[in-house]
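Below: the structure, in structure tokens.
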Amino acid sequence: MSDAARLLRLLSLLQMPREWPGSELARRLEVTSRTVRRDVDRLRGLGYPVEATQGVLGGYRLVAGTAMPPLLLDDEEAVAIAVGLRTAARQPVAGIAEASARALAKLRQVLPARLARRVASLTAATSSSAAPGASLVDPGQLAVVAGAVEARSRVRFGYVAQENVVSRRHVEPVRLVALDRRWYLLAFDVERDDWRTFRLDRISAAMVTGVRFAPRQPPGGDAVGYLTRTMYATAPTYRAEATLRLPVELARARLGDFAGELTALDDGSCSWHSDDDTVEYLAFRLTALGCEFTVHGPAELVTHLRGLVERVGRSVAHPPGALARTPSTG
């Protein structure tokens, strides 16, 4: 490895948010600790604020909160960030699509021309839309709760339950989880002395109290697994069964994430089975496909679609321009 390549590799490692022991840097770069110290001095000379701490637990790190020289990313890291920012637009967080676009523009400005072209090509060739059927999360509330999780600090907030009952909660926040089309907070409710799950879009006026708490492990050690088990155990689940007048591959492409079970019946149609906790969302997915379909169940979905047809029919009962031609009275 050339000196320049080794220096870039060292800088790439230091940009990770951790403190690196000199011996580990030497092992990764396949050089001596003396060479690492010399390369660190060279980075400092180039304007990179590398801080060194002494002792058994000491090491090197870049100083946080300091104006940094241009961001250093390798090809895989640049592509990973671009993909992450594009897919972030699908998250139900208010303003996330616009913020992602701004962040991508800033990223391209600090990347070398070769990587900037790769990122530009990737973003131009892909598109994202906000997750349908999901209530938007206030990014300010999300940031407050995320900070409380990281700091292991208790937080108070207002919460609207499914029955529209408003309450104040005092919790120890353990993990944020993005599941399906929503964001959830898994927390230990101090006043109820038990675990609770909260939807982020129903949280308001979140305030960190500053009271720290001891680390807690989610039930079973897995926050996502716990949320999935408890949500599906308590929420009503509807299993849609329908025949789609659409080729199976085209149906899979249009349904996108969580397509459900699709089975080809012939070249132009397929069967679709999908589970969800609301018939409204199942109906939305069917009507958004842009094809003819036949619903075989459940009865709640059939009833909802019939009501939807009646409402749509009433809204277009008059032919175009009929209202404009109706003479006024009085």
Dump the intermediate steps for side chain to side chain contact (heavy atoms under 4.5 Å, CB included) on Leu286 and Leu244, then the final yes or no. CA-CA 9 Å; Leu286 281 167; Leu244 311 179; 3.8 Å; yes
Stepwise side chain to side chain contact (heavy atoms under 4.5 Å, CB included) check, Val36 with Tyr60: CA-CA 10 Å; Val36 170; Tyr60 298 98; 4.2 Å; yes
Checking side chain to side chain contact (heavy atoms under 4.5 Å, CB included) for the pair Tyr238/Leu301: CA distance, chi angles, key distance, verdict? CA-CA 8 Å; Tyr238 302 95; Leu301 177 58; over 6 Å; no
Phe157 vs Met207, side chain to side chain contact (heavy atoms under 4.5 Å, CB included): CA-CA, chis, key distance, verdict: CA-CA 6 Å; Phe157 53 78; Met207 179 183 66; over 6 Å; no
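Without hydrogens or angle criteria, Arg212 side chain to Ala151 main chain gives a donor-acceptor distance under 3.5 Å. Within the 3.5 Å criterion, the main-chain N or O of Ala206 finds a donor-acceptor partner in the side chain of Gln141. A distance-only check finds a donor-acceptor pair linking the side chain of Arg254 to the backbone of Leu289 [under 3.5 Å]. A donor-acceptor contact shorter than 3.5 Å is absent between the side chain of Ser33 and the backbone of Ser23. Panel note: side chain Thr53, backbone Gly59; a donor-acceptor pair is recorded below 3.5 Å.
At least one side-chain heavy atom of Leu14 sits under 4.5 Å from a side-chain heavy atom of Leu43. Side chains of Val171 and Val155 form a contact here, defined as non-hydrogen atoms less than 4.5 Å apart. By the 4.5 Å heavy-atom criterion applied to side chains, Val302 and Leu305 are not counted as neighbours. Residues Thr303 and Val279 are not in side-chain contact: their nearest non-hydrogen atoms beyond the backbone lie 4.5 Å or more apart. For the pair Leu10/Trp20, no side-chain contact is recorded, criterion being any heavy-atom separation below 4.5 Å from C-beta on. Two residues are said to be in side-chain contact when any heavy atoms from C-beta on lie closer than 4.5 Å; Thr35 and Arg6 meet this criterion.
The number of heavy atoms from other shown groups lying within 6.0 Å of CD (Glu191) is above 12.
Listed by chain and number, the residues in a salt bridge (charged side-chain N to carboxylate O under 4.0 Å, His left out) with Glu300 amount to none (sequence neighbours excluded). Checked against salt bridge (charged side-chain N to carboxylate O under 4.0 Å, His left out), Asp266 has no partners two or more places apart in sequence or in another chain. Residues passing the salt bridge (charged side-chain N to carboxylate O under 4.0 Å, His left out) test with Arg42 are Asp39, sequence neighbours excluded. Residues that satisfy the side-chain contact (heavy atoms from CB on, under 4.5 Å) test with Ser204, not counting sequence neighbours, are absent from this structure. With sequence neighbours excluded, the residues satisfying side-chain contact (heavy atoms from CB on, under 4.5 Å) with Arg216 are Glu172, Val174, Phe188, Trp195.
Nearest heavy-atom pair across Trp272 and Gly260 is NE1-CA, 4.3 Å. Shortest non-hydrogen contact noted between Ser274 and Arg285 is OG-NH1, 4.0 Å. Considering every non-hydrogen atom in both Ala264 and Cys270, the closest pair reads CA-CB, 4.0 Å. Listed here is the closest heavy atom pair of Ala283 and His304: CB-CD2, 3.4 Å. Residues Tyr159 and Thr197 approach most closely at OH-O, 4.3 Å, considering heavy atoms. For the residue pair Cys291 and Arg245, the shortest heavy atom distance occurs at CB-O, 3.7 Å.
Of the charged side-chain nitrogens involved, none lies within less than 4.0 Å of a carboxylate oxygen, so that Arg192 and Asp194 do not count as a salt-bridged pair. A salt bridge does not link Arg306 to Glu310: none of the charged side-chain nitrogens sits closer than 4.0 Å to a carboxylate oxygen. Between Glu261 and Arg239 a salt bridge is recorded (basic side-chain N to carboxylate O distance below 4.0 Å).
Asp189 pairs in a salt bridge (charged side-chain N to carboxylate O under 4.0 Å, His left out) with only one of the listed residues (Arg169, Arg168, Arg156), which is Arg169.
Connectivity analysis of hydrophobic side chains (ILVMFWY, heavy atoms under 4.5 Å, direct or indirect) links Val208 to Val144.
No path of Ile, Leu, Val, Met, Phe, Trp and Tyr side chains, each step under 4.5 Å between heavy atoms, connects Val149 with Phe213, placing them in separate hydrophobic clusters.
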